[in-house]
Undergrad: 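Sharing a structure with you now.
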Amino acid sequence: MSATKKKAQKRQYSNLVNNPVLEDYSLRYAPKSFRKWSPWMVFLTGIGGNVAMASYALGGSLTVSFGVINTVWATLCLAVLVFITGTPIAMEIAKNNIDMDLLTRGAGFGYLGSTLTSLIYASFTFIYFALEGAIMGQAITDFFHIPLWLSYLIAALVIIPLVLFGMTALSKFQAWTQPIWLILIVTAIVGVISQDKTAMSSWTHFTGSNHTGSFSPVLFATATGVLLSLLPQIGEQADFLRFMPDKTEKTKKVWMLAVICAGPGWVILAGIQQIIGSFLSANTAVALGLQKATIPAAMFENAFSMVFGSPLTSLTIATFLVLLSQMKINATNAYSGSLSWSNFFSRTLHFHPGRVIWLIFQVIVGLLIMEVGIIDALNTVLGFYSNVAVAWIGAVFADIIINKRILKIGPTYIEFKRAHLYNFNPVGFGSMIIASVLSLATYFGVFGAGLKPYSAFISLLLAIVLTPVIAILTRGKYYIARDSSAYFSNNNVKQHHEIKCVSCGNHYETHDLAFCPLHEGAICSMCCSLESTCHDMCKTQDQEDKSIEKKQIS
């Protein structure tokens, strides 16, 4: 036995990490024993967070900037692209019971290559956490007349208790509050239409600040570029989809319908909300002016004033709706952010104090962004971000559909364990980098002003084309570095059978384990990720070390 192996230390985790209710398998495959929810409960939890006031703000902001026609077409374009790219991703997530980061590792990025996408995804969650929190803070200030900085602080801190207990608490919160939210939204829309006979006409004839009343390819592309920043939302849906129960012949149809509805189906609800935001924005602009037309609280206060008449009643109900909506969506943003930060730092620092710690970190970062004033630069921030985000999603989509299913390059399964992966796979990682760089150059006008509005489309197209090209050139060499399945097959260990991790001593299903020559036994994926002394010796071991894999599980 080598000197390196003698130094192998057993690992101990804090109570924050060992508690599955708090931790929610943030760095792991979700085992069958934990996936106790029905397909429809997972659907309700996953879709429950998609009630964001940011959707109304986006619809209103785009309408004011680009007109109603271009906003509606941009919304429809987003829906089509989300269903095309999101459906196969959602299916793989639900089938393999892994999150977006683990999927990305095995879908052409490699173990360390996906750390960049974890950072991109974490950025997505705290940008939207800050955006939703800012909307919530504005509503608190308008109602209670307290300083905006204090409202932002309240909006951030109130989310922590909702997310602390992970999927267990979120599933109940989202399911119980959904009917209340729906009743209030319907009341607002029906109230405006029934009380103001010119409401539809005011909307369809609204031209915004640029006085745009017709379709413009440039304005449509610019508006769509902003909306494409929402493409990584499938990652937040994945954080719930990974808890889907196993698909059986009896539940096959229900399972698939629930996955589609909770996966790419989020865009249907978001799209409807963006159209409603466009509608309310146009009518709010007529009643209160353009300055108020993009603020969700003002939109709904104006709508409820037509229903209830009383200014105080309208303000109270509008504030309640905004607070409820923002708590629902920011619970999802904070939960997903805590998972992505856990994944990122576990690989870069080999350190995992627990998902709860990263939840607090996520809230602090989001609060700082709120105080900076992100909502005032909404279109600019999202337009820039979308160039990188869509390259990531496009590369993962292309690897799943084109490489794995059509070209048959790489494994048909999703491998996520460090012990079996190369650190970097140029297939997905390389295509994302190239697509991002070229699209950002386009966004900043390097290739001329004419192409600038189409930068996000260029990013998506390049990622989808380059992914199979690089896979063909590398012949799929960098997908799998090693396979230790013989260790488990030699011991007749079945898929959902649990065995002890040789490092931490806890029991995990075999799908979450790999053979470790450093510890000379089965190691769980998280202990493997956090191990800093092995220097990936399992991927360069000699024949003598390989023979250890044939040993019996003690």
Side-chain angles (χ1 to χ4, degrees), residues 43 46-47 50 52 54-56 58-59 61-63 65-94 100 124 128 214-238 241 256-279 379 382-383 385-402 405-406 432 435 439 442 451 453-468:
F43 157 71
I47 209 69
N50 289 285
S55 294
Y56 304 101
L58 266 174
S61 178
L62 294 177
T63 298
S65 298
F66 309 115
V68 173
I69 299 297
N70 296 302
T71 298
V72 171
W73 278 110
T75 302
L76 293 175
C77 182
L78 172 70
V80 171
L81 292 175
V82 165
F83 265 93
I84 291 174
T85 60
T87 299
I89 290 175
M91 289 294 178
E92 290 295 328
I93 290 289
M100 192 66 189
F124 172 84
Y128 275 94
S214 60
F215 178 79
S216 165
V218 172
L219 295 180
F220 158 74
T222 306
T224 306
V226 173
L227 290 180
L228 283 176
S229 65
L230 293 169
L231 223 55
Q233 175 64 33
I234 192 64
E236 290 199 349
Q237 303 309 115
L241 285 171
M256 293 186 69
L257 183 60
V259 169
I260 292 173
C261 290
W266 71 266
V267 78
I268 296 177
L269 184 56
I272 292 172
Q273 290 176 108
Q274 286 165 19
I275 299 300
I276 292 174
S278 175
F279 170 72
N379 290 348
L382 299 183
Y385 174 79
S386 65
N387 290 278
V388 179
V390 300
W392 164 37
I393 299 300
V396 173
F397 161 77
D399 188 76
I400 293 172
I401 293 298
I402 302 175
R405 298 184 186 177
I406 298 176
M432 184 195 74
S439 66
T442 305
L451 284 178
Y454 304 95
S455 62
F457 290 98
I458 291 172
S459 180
L460 183 61
L461 180 62
L462 281 175
I464 292 175
V465 171
L466 288 172
T467 298

Undergrad: Between Leu78 and Gln274, is there a side-chain heavy-atom distance shorter than 4.5 Å?
TA: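 Side-chain contact under 4.5 Å: yes.
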
Undergrad: For a quick test of reading the model, state the closest non-hydrogen atom pair linking Thr467 to Ala398 and the distance between them.
TA: CB-CB, 3.7 Å

Undergrad: Measure across Val259 and Pro264 and return the closest heavy-atom pair with its distance rounded to 0.1 Å.
TA: O-CD, 4.0 Å

Undergrad: Is there a donor-acceptor contact under 3.5 Å linking the side chains of Thr63 and Ser278?
TA: yes

Undergrad: For the side chain of Ser386 and the backbone of Gly225, is there at least one donor-acceptor N/O pair under 3.5 Å apart?
TA: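 Yes, because the side chain of Ser386 sits within donor-acceptor range (under 3.5 Å) of the backbone of Gly225.
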
Undergrad: Output all residues satisfying ring pair (Phe, Tyr, Trp, His ring centres under 6.0 Å) with Phe397, sequence neighbours left out; order by chain, then residue number.
TA: none

Undergrad: Nearest 0.5 angstrom please: Leu461 CG to Ser439 OG, how far?
TA: 11.5 Å

Undergrad: Looking at Phe66, is its backbone amide N or carbonyl O close enough to the side chain of Asn70 to form a donor-acceptor pair, meaning the two atoms are under 3.5 Å apart?
TA: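 Yes; at least one donor-acceptor contact below 3.5 Å.
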
Undergrad: Any chance you could lay out the side chain to side chain contact (heavy atoms under 4.5 Å, CB included) test for Ile260 and Phe83, step after step, and finish with the verdict?
TA: CA-CA 9 Å; Ile260 292 173; Phe83 265 93; 4.0 Å; yes

Undergrad: Mind checking whether Ile393 and Ile234 have side chains closer than 4.5 Å, heavy atoms only?
TA: yes

Undergrad: Tell me, do Leu230 and Leu58 make a side-chain contact under 4.5 Å, heavy atoms counted?
TA: yes

Undergrad: So which heavy atom on Ser229 is nearest to which on Tyr128, and how close?
TA: OG-OH, 3.2 Å

Undergrad: Closest heavy-atom contact between Thr224 and Cys77?
TA: CG2-SG, 3.8 Å

Undergrad: Partners of Ala435 by side-chain contact (heavy atoms from CB on, under 4.5 Å), sequence neighbours excluded?
TA: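 For Ala435, the residues satisfying side-chain contact (heavy atoms from CB on, under 4.5 Å) (neighbours in sequence not counted) are Ala391, Ser459, Leu462, Ala463.
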
Undergrad: Find out whether Phe43 and Gln237 are in side-chain contact, i.e. whether some heavy atom of one side chain is under 4.5 Å from a heavy atom of the other.
TA: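 No, too far: nothing below the 4.5 Å cut-off.
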
Undergrad: Identify the two heavy atoms, one from Pro232 and one from Leu228, that lie closest to each other, and give their separation to 0.1 Å.
TA: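 That would be CD-O, 4.2 Å.
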
Undergrad: When you measure from the side chain of Glu92 to the backbone N and O of Pro88, does any donor-acceptor pair fall under 3.5 Å?
TA: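 Not at all, since once roles are kept as given, no pair shorter than 3.5 Å links the two residues.
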
Undergrad: Are any of the side-chain heavy atoms of Trp266 and Glu236 separated by less than 4.5 Å?
TA: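 Trp266 vs Glu236: side chains apart.
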
Undergrad: Measure the spacing between CG of Leu451 and CD1 of Ile458 and express it to the nearest 0.5 Å.
TA: 5.0 Å

Undergrad: To the closest 0.5 Å, what do you measure between CZ (Phe124) and CH2 (Trp392)?
TA: 8.5 Å

Undergrad: Using a 4.5 Å cut-off on heavy atoms from C-beta on, say whether the side chain of Ile400 contacts that of Met91.
TA: no

Undergrad: Any idea which heavy atoms bring Ser455 and Asn387 closest together, and the distance?
TA: OG-OD1, 2.8 Å

Undergrad: Taking only distance into account, with no hydrogens and no angle test, what donor-acceptor pairs under 3.5 Å do side-chain atoms of residues 214-221 form with protein atoms, sequence neighbours excluded?
TA:
unit_1 : atom_1 : unit_2 : atom_2 : d
Ser216 : OG     : Leu219 : N      : 3.4

